[in-house]
Amino acid sequence: AKNAGRNTYSFFEASMHANVQQQLSLLQDFRKALENNELSLAYQPKLHVASGKISGAEALLRWWHDEHGQVAPDRFIPLAERTGLIVPIGEWVLDRACRQVREWQDDGWVEASVAVNLSPMQFRHSGLVATVRTLLNRYGLKPQSLTLEITESTAMHDTESSIVILQRLCDLGVRIAIDDFGTGYSSLLYLKRLPVDELKIDRGFVRDLAPETEDRAIVGAVAALAQTLGLEVVAEGVETQTQFEVLSQLGCDYLQGYLLGRPMAPDALLDRVMKPSD
Ligand code: C2E
Ligand code: CA
Ligand code: CA
Ligand code: CA
């Protein structure tokens, strides 16, 4: 028992070291992921409640590692963000997603649109507006076919500069969504000044929507606020029929979640849209 404290300490030290090593080796592998063709995008459908139609999809980055198999974005995106690698990767994501929406439209899904997640560093990177403009031209896309998602905390960090960047993007005509809405601490005053089109309610608020719950009140309040500000509301993480019904009633314009479809390959989504089973 005398040495237990020390042993415990060195155990933690060793596991911390292993963790750092793991992250470093993951990062090294991620640097090569693009050239090794290990990255792809999965597309999660977004349902327009009023029409009952799939209006588009959110592009989600996937990494297939030759040893570890699929690695979750939550594991490698923060690493890529800290090292700046997210900027070239993010440009690749934007290019792929734009090319995909062009292809869907050419294949007959004329209203197809795509939403792309922007990391904080990518959002503040000086080349972003030019990149987006170039891609819209390259693929001949209507700007409304592209939605850029930034998280509430990204938008609310240095709000004055966020407003400038958002205004430039807005001038291009692309749509802007505030992702994970409700998890930050948006001042309503700023929200009113931000040129955005959509609020995406974080799935944390969608889990328990039973009557009289706080979450139900919050979702209702956000939907009402959005309506006042002329914004559209998307609820994410919809997994059950009950959630679907309550969220529709509360005034959400779009719904996303496993109930409506998991992130999938682009051809699978096109099949779903062009040959609906019901
Ligand atoms: P996010 O933008 O909030 O994306 C939604 C996440 O929720 C996705 O996880 C999606 O697969 C998952 N999801 C969708 N519906 C449901 C549901 O009904 N239930 C549950 N439990 N989960 C659901 P994913 O693909 O693992 O992505 C995690 C996060 O990684 C994303 O959160 C986003 O922040 C980030 N990410 C993914 N792709 C990109 C990308 O291309 N660029 C950047 N910067 N970030 C990305
Ligand atoms: Ca998102
Ligand atoms: Ca989200
Ligand atoms: Ca999230």
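For reference, positions follow the sequence shown, starting with 1. All ligand and atom numbering here is 1-based and tracks the order in the structure. What you are looking at is a predicted structure, and each value in this text was computed from that prediction instead of being measured.
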Give a yes or no on whether [X] atom [atom1] has more than 12 heavy-atom contacts from other residues, nucleotides or ligands under 6.0 Å away.
X: Arg124; atom1: CZ; result: yes
X: Glu214; atom1: CD; result: no
X: Gln144; atom1: CD; result: yes

Is [X] in contact with ligand 1, taking contact as a heavy-atom separation below 4.0 Å?
X: Ala72; answer: no
X: Pro263; answer: yes
X: Gln256; answer: no
X: Arg262; answer: no

Enumerate the ring pair (Phe, Tyr, Trp, His ring centres under 6.0 Å) contacts for residues 118-176, please, sequence neighbours excluded, ordered by first and then second residue.
none
Contact list for residues 236-259, test ring pair (Phe, Tyr, Trp, His ring centres under 6.0 Å), sequence neighbours left out
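For residues 236-259: His48-Tyr254.
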Give the numbers and elements of all ligand 1 atoms closer than 4.0 Å to a heavy atom of [X].
X: Gln44; value: 14 (C), 15 (N)
X: Val238; value: 18 (O)
X: Val93; value: 41 (O)
X: Asp74; value: 28 (C), 29 (C), 30 (O)
X: Asn117; value: 2 (O), 42 (N), 43 (C), 44 (N), 45 (N), 46 (C)
X: Glu58; value: 2 (O), 4 (O)

Salt bridge (Lys or Arg N to Asp or Glu O under 4.0 Å) partner of Lys46, chosen from Glu198, Glu58, Glu111:
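Exactly one candidate clears the test, Glu198.
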Derivation of the side chain to side chain contact (heavy atoms under 4.5 Å, CB included) call for Leu60 and Asn117:
CA-CA 8 Å; Leu60 294 158; Asn117 293 287; 3.7 Å; yes
Residues Val116, Cys98; criterion side chain to side chain contact (heavy atoms under 4.5 Å, CB included); working and verdict:
CA-CA 9 Å; Val116 174; Cys98 288; over 6 Å; no
Counting only heavy atoms, which portion of [X] has something under 4.0 Å from ligand 1: side chain, backbone, both, or neither?
X: Leu60; answer: both
X: Ser119; answer: both
X: Glu81; answer: neither
X: Asp180; answer: side chain

Looking only at N/O atoms, are Leu61 and ligand 1 under 3.5 Å apart anywhere?
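N/O-N/O distance below 3.5 Å exists for this pair.
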Examine Asp179 against ligand 1 and note whether any of their N/O atoms are separated by less than 3.5 Å.
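Yes - when backbone and side-chain N and O of Asp179 are compared with those of ligand 1, one distance drops under 3.5 Å.
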Judged by modelled atom types alone, do Lys142 and Gln105 share a side-chain donor-acceptor pair under 3.5 Å?
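The answer is no; no qualifying pair exists.
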Applying side chain to side chain contact (heavy atoms under 4.5 Å, CB included) to Asp95 and Glu91, what does each step give before you reach the verdict?
CA-CA 6 Å; Asp95 184 280; Glu91 284 179 5; over 6 Å; no
Of the non-hydrogen atoms in Ile77 and Leu61, which two are nearest, and what is the gap between them?
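Between these two residues, the closest heavy atoms are CD1-CD2, 4.2 Å.
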Just to be sure I'm reading this right: ignoring hydrogens, which of [options] gets closest to [atom]? Compare them by their nearest heavy atoms.
atom: atom 12 (C) of ligand 1; options: Gln70, Arg203, Arg75, Glu236; value: Arg203
atom: atom 21 (N) of ligand 1; options: Lys200, Gln122, Glu239; value: Glu239
atom: atom 24 (P) of ligand 1; options: Pro73, Ala115, Pro120; value: Pro73

Tell me how many protein N, O or S atoms are within a distance shorter than 3.0 Å of the Ca ion (ligand 2).
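Atoms of protein N, O or S type lying less than 3.0 Å from the Ca ion (ligand 2) total 4.
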Indicate yes or no: at least one non-hydrogen side-chain atom of Glu236 is less than 4.5 angstrom from one of Ile201.
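Side-chain contact under 4.5 Å: no.
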I'd like to check Val132 versus Leu148 (side-chain heavy atoms, cut-off strictly below 4.5 Å). Are they in contact?
yes
With salt bridge (charged side-chain N to carboxylate O under 4.0 Å, His left out) as the test, would you mind laying out the steps for Arg96 and Glu103 before giving the verdict?
CA-CA 10 Å; Arg96 274 305 162 106; Glu103 204 176 303; over 6 Å; no
Which residues pass the ring pair (Phe, Tyr, Trp, His ring centres under 6.0 Å) test with Phe76, sequence neighbours left out?
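So Phe76 forms a ring pair (Phe, Tyr, Trp, His ring centres under 6.0 Å) with Phe30, Trp63.
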